[in-house]
Participant: 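I am attaching a structure below and will ask some questions about it afterwards.
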Amino acid sequence: MKNALAMSDAPELAFSDSMERELINNAINEERALSLTGMVKAVAASVSAAVVMMVEMIKETEKAVDDADSEGNIW
């Protein structure tokens with residue numbers, strides 16, 4: 001099967017099938033790397049947000065316990 005560039009009027013721009021496959025393969029590999037990088041960033045952001053929320057919850061719980069303890073209502 002001939003590619004579109006090989007059928008054009010400019011033969012000097014024609015790519016061989018192997019060159020075309022290599023270019024497509026390189027493009028796919030680059031996109032995979034970008035997708036993987038994006039996924040790692042998204043996971044890192046989610047984990048950091050979860051840690052921040054957990055720390056805030058612990059602080060609020062400690063504050064509530066301290067408040068209740070100072071009022072004598074904890075036990």
Participant: Kindly compute the distance separating CZ (Arg21) from CG (Asn25), expressed to the nearest 0.5 Å.
Facilitator: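 Output value for this atom pair is 10.5 Å.
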Participant: From Asp66 CG over to Thr61 OG1, what is the distance, rounded to the nearest 0.5 angstrom?
Facilitator: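 Going from the CG atom of Asp66 to the OG1 atom of Thr61 covers 10.5 Å.
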Participant: Applying a strict under-4.5 Å side-chain criterion to I, L, V, M, F, W and Y, I'd like to know whether Val47 and Val55 cluster together.
Facilitator: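 Val47 clusters together with Val55.
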Participant: Which of these, Lys59, Met54, Met53, sits in a side-chain contact (heavy atoms from CB on, under 4.5 Å) with Glu56?
Facilitator: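 With Glu56 as partner, side-chain contact (heavy atoms from CB on, under 4.5 Å) holds for just one option, Lys59.
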Participant: List for me each residue that meets side-chain contact (heavy atoms from CB on, under 4.5 Å) alongside Lys63, sequence neighbours excluded, and say none if there are none.
Facilitator: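 Once residues adjacent in sequence are excluded, the partners of Lys63 under the side-chain contact (heavy atoms from CB on, under 4.5 Å) criterion are Asp67.
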